Amino acid sequence: MQLRTVALVGALGLASGWALGGRMQPSQAGDGAQGRSTGPRPLGTAPAKDVAPLTEQLRLRLEQKPRAPRPDRNPFTFGGRRTTSAMTRNVAPSPAAVEAPPESPPEPPRPGAEFRLAGMASTQGADGPMWTAMIHDGRSLLYVQRGDSLPGGFADIDIQETFVTLRDTAGGERTLSLR
């Protein structure tokens with residue numbers, strides 16, 4: 001073997017012996033110490049106290065820990081919190097509101113009332129701009145050009161930059177404007 005290899009093996013042996021020696025407990029020869037060191041204590045350390053009473057105190061404190069309050073509002077909804085005075089306040093209705101006769105039932109919605117003009121787009125054609133209307137029918141977005149038909153029997157008869165005119169099967173016209 002080379003001298004270098006012997007020196008390396010010797011250094012590794014000394015280092016591992018030193019590391020393991022610090023971790024191992026000295027053998028107990030039945031002197032009655034029961035796991036306690038008989039040697040001098042390092043500076044700044046106090047003798048070990050009996051920790052059982054301290055552990056019991058900690059358990060009692062954890063059992064007496066205050067409970068978190070339940071929130072009185074939903075943290076996932078936005079808006080101001082109503083005050084209790086506004087919720088419990090009883091406001092007498094005005095005499096006019098009590099004596100007013102009931103109104104007639106609301107009239108049914110007109111055909112095509114669910115249509116709303118959501119937007120406009122244009123492309124440059126040979127005859128000028130060709131408009132495409134984006135009409136929302138309550139469920140989906142419809143892209144309509146002049147002459148197209150819509151659900152419910154409506155036909156598109158005119159598209160301008162800010163409005164669309166629709167005609168139903170009975171001949172009635174309805175104009176949708178951008179808002």
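All values derive from a computational prediction rather than experimental measurement.
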**Message:** If you compare all heavy atoms of Arg146 against all heavy atoms of Asp158, which two are closest, and at what distance to 0.1 Å?
**Reply:**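 Minimum heavy-atom separation between Arg146 and Asp158: NH2-OD1, 2.9 Å.
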**Prompt:** Below 4.5 Å, heavy atoms only, C-beta onward: do Gln160 and Trp131 meet side chain to side chain?
**Reply:**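 When only atoms from C-beta onward are counted, Trp131 and Gln160 do not touch, as no gap falls below 4.5 Å.
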**Asked** Can you name the closest pair of heavy atoms from Ala118 and Leu141 and give their distance?
**Response**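 For Ala118 versus Leu141, the nearest heavy atoms are CB-CD1, 3.9 Å.
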**Request:** Treating Ile, Leu, Val, Met, Phe, Trp and Tyr as nodes and any side-chain heavy-atom pair under 4.5 angstrom as an edge, say whether Phe154 and Phe163 lie in one connected cluster.
**Result:**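 They do not share one cluster, since no chain of ILVMFWY contacts under 4.5 Å joins Phe154 to Phe163.
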**Asked** Is there a side chain to side chain contact (heavy atoms under 4.5 Å, CB included) between Thr132 and Met120 once you walk through the steps?
**Response** CA-CA 6 Å; Thr132 301; Met120 299 292 289; over 6 Å; no
**Request:** Check whether any side-chain heavy atom of Tyr143 lies under 4.5 Å from a side-chain heavy atom of Met134, and answer yes or no.
**Result:**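 A side-chain contact exists here, since the closest heavy-atom pair is under 4.5 Å.
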**Item:** Close side-chain approach of Leu150 to Ile135, heavy-atom, < 4.5 Å
**Value:**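 Side-chain contact under 4.5 Å: yes.
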**Item:** Residue Glu161 excluded, over 12 heavy atoms near CD under 6.0 Å
**Value:**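 No - once you tally the heavy atoms of other residues, nucleotides and ligands closer than 6.0 Å, there are 12 at most.
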**Asked** If you group Ile, Leu, Val, Met, Phe, Trp and Tyr whenever their side-chain heavy atoms sit less than 4.5 Å apart, what else falls in with Leu62?
**Response**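 For the cluster that includes Leu62, the remaining residues are Leu58.
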**Message:** Within this structure, what is the CE-CD distance for the pair Met130 and Gln124, rounded to the nearest 0.5 Å?
**Reply:**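 Reported to 0.5 Å precision, the distance equals 10.5 Å.
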**Asked** Do you know the tightest heavy-atom contact between Thr165 and Glu173?
**Response**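 In terms of heavy atoms, the two residues are closest at CG2-OE1, 3.9 Å.
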**Request:** Would you give the length of the straight line joining atom CG of Leu117 to atom NE2 of His136, rounded to the nearest 0.5 angstrom?
**Result:**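 The distance works out to 12.0 Å.
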**Asked** Side chains of Leu166 and Leu176: does their closest heavy-atom pair fall under 4.5 Å?
**Response**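 Yes. Closest side-chain heavy atoms under 4.5 Å.
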**Message:** On a heavy-atom basis, which atom in Val164 and which in Ala133 lie closest, and how many Å separate them?
**Reply:**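 What the structure gives for the nearest pair is CG2-CB, 3.5 Å.
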